[in-house]
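Atoms within each ligand, like the ligands themselves, are counted from 1 in listed order. Along the sequence shown, residues carry numbers from 1.
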Amino acid sequence: MQFENSREFARQLDKEDKLSKYRNEFILPKVNGKDVIYFVGNSLGLQPKTAQRYVDEIMKDWAELAVEGHFYAEKSWWDYHERFSEKLARVVGANPAEVTVMNTLTVNLHLLMVSFYRPSGKRYKIICEEKAFPSDQYMISSQVRFHGYDPKDAIVEIKKRDGENNFRTEDVLAKIEEVGEECALVLIGGVNYYTGQVFDMATITKAGHDAGAFVGWDLAHAAGNIELKLSEWNVDFAAWCSYKYMNSGPGNASGCFINKKYHNKKDIPRFEGWWGHNKERRFLMEPEFQPEPTADAWQISNAPILAMAPYLASLEMFDEVGMPALIEKRNKIVAYLEYVLHEIDKDVESSFEIITPADQDKRGTQLSVFLHGEGKELFRYLMDQGVITDWREPNVIRLAPAPFYCSFEDMYEFGQILKEGILNKQKV
Ligand SMILES: *Cc1c(COP(=O)(O)O)cnc(C)c1O
C-alpha cells in the first residue's frame, strides 16, 4: 500500500479499520485536555472500560455472599481461574488444558524451573539471550546458584554479531549444537523486550529438543502481540505477564503454558499446593496430593479473584476480536508508523535508526528507535506533548502502537510532534 504522511490519509485508514471502534472500549489518559498518544502498551496496557464492572461484581458478591461467594457467586471463586483457559489457549495457540493463570511472571518462571531445570551430570547449562530482561537474568542466575553451579559456567548467552541489532537464528542453532549434551534448558524471551525482535520459536524449540534439552519461552512481550502456536511447536513450557499487551492491570497475574505431555505425571518435580489438587476432592483435605490432569496441577494457592477480574474482562475482548484481526491491524499500523518515521527522517538533520527487524514476520507491535544525536530531552518533550513512549539506555525509544486502541491518526500526529521537537532543538 502507498502511504501518505497526511492527516486526511491517516483518517481514511482509521475509517477503513475494522477495529477502530475498540478505542472507545479503553480509557485513555489525558494530557493538556487531550487523549494521549499511547505507545507503551508493551509495558502497561490501557484499562478496558469493562474492567471496573468485573471488579465491582466481585466486591458486590463479597459484600452480599461473603464466604458463600466461593460457590454461589455468579462467577464462583473456587473455579474462577478456569474461566481463562479456553480463551487464553486461543491467544497462545494451545489446548485449554495446557494453559493456566496464577501468580506473577518471574514467580512462575521460578516454579516452572522446578519442573524443567533439573541439571544432572554433564547436562546442567542454560542457554539464554545476552542482555535478557533483568528479572530473567536474576531468575536464571539464582536458579543456577541454587543448584550449586557457577553462573559464569552454567549460563551460556547467545550473542548478536558485532554491528548488528538483532540475533540470527543460525547463531542460536549453532550455540545449541555447540553446548549439545551439556544443555539442560533453552530459555529465551520469545519477543525481545528491547528491540521487538521475534525469535523463530518453532525452529529453536526443535533444535533444543534435538540436543536433549527442555525448551521454555518467556512470552511477556509476545502474548497478545504475535501469533503463537505453543502446542504445535511442541514447546515444553512458557509464561507471560498479562499487564503488557493483554491489558489486565498493573502487576497482574501471569499465564502459563505446560505441554500436555507433562500432565498426569507423578515423577515430575513440582512445588505443590491445594489449588493444584484434584478439584473434585480439593475440599476433602486429604493428606496425599492428587494432581489435576491439566496445567492447573501447577497451581498452588487459591486465586486472587479481585486481581483476576480485570484480566478476565480484557481476555473476553481478545476472544471477541481474535488474534488474526489484531495481527492484521498491527501489521498495518506498525508499517504506517515506520513510514511516518522515515518521512520525518528526511526532514530533519539528526537521523534515527529503527533497530527492530524490518521484516513483518520478525517483529510484532514494537518499533525501537535509536535516536542518533538526540537525548532524553526529546523523550521528555514528547511526554509533555502527550506522547507516552518509553526510554531505554543508551538512546532508544520504544514505540508500540497497540492495535486495540491506537489509531492511524495517532501515528501521523506523533510524526508531526516528533519533527517539531527535533527541529526546535536544532534551532537553539
Ligand atoms: C515485563 C517482563 C517481566 C516482568 O516480570 P514480573 O515478574 O511480571 O515483574 C519479566 N520478563 C520479561 C522478559 C519481561 O518483559
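- Taking the centre of each ring, F26 and F404 come in below the 6.0 Å mark.
- Numbered from 1 in the order shown, with element, the atoms of ligand 1 that lie under 4.0 Å from a heavy atom of K244 read 1 (C), 2 (C), 3 (C), 14 (C), 15 (O).
- Nearest protein neighbour of atom 3 (C) of ligand 1, counting heavy atoms only, is F133 CE2, 3.4 Å.
- For a threshold of 3.5 Å applied to N or O pairs, the pair formed by T106 and ligand 1 contains at least one separation below that value.
- In the vicinity of H221, heavy-atom distances shorter than 4.0 Å reach the ligand 1 atoms 15 (O).
- The protein heavy atom nearest to atom 11 (N) of ligand 1 is D136 OD1, 2.6 Å.
- Residue contacts with ligand 1, taken as heavy atom pairs separated by less than 4.0 Å, involve D218 solely via side-chain atoms from C-beta onward.
- Shown here are the salt bridge (Lys or Arg N to Asp or Glu O under 4.0 Å) partners of D296, two or more places apart in sequence or in another chain: there are none.
- By the 4.0 Å N-to-carboxylate-O rule, K87 lies too far from E320 to be salt-bridged with it.
- Geometrically, ligand 1 and Y243 share a nitrogen or oxygen pair separated by less than 3.5 Å.
- Residues N165 and E353 bring a donor and an acceptor atom of their side chains to less than 3.5 Å of each other.
- For the 3.5 Å distance criterion, the side chains of H81 and N302 fail to qualify, holding no donor opposite an acceptor.
- Counting non-hydrogen atoms of other residues, nucleotides and ligands closer than 6.0 Å to CZ of F71 gives a total above 12.
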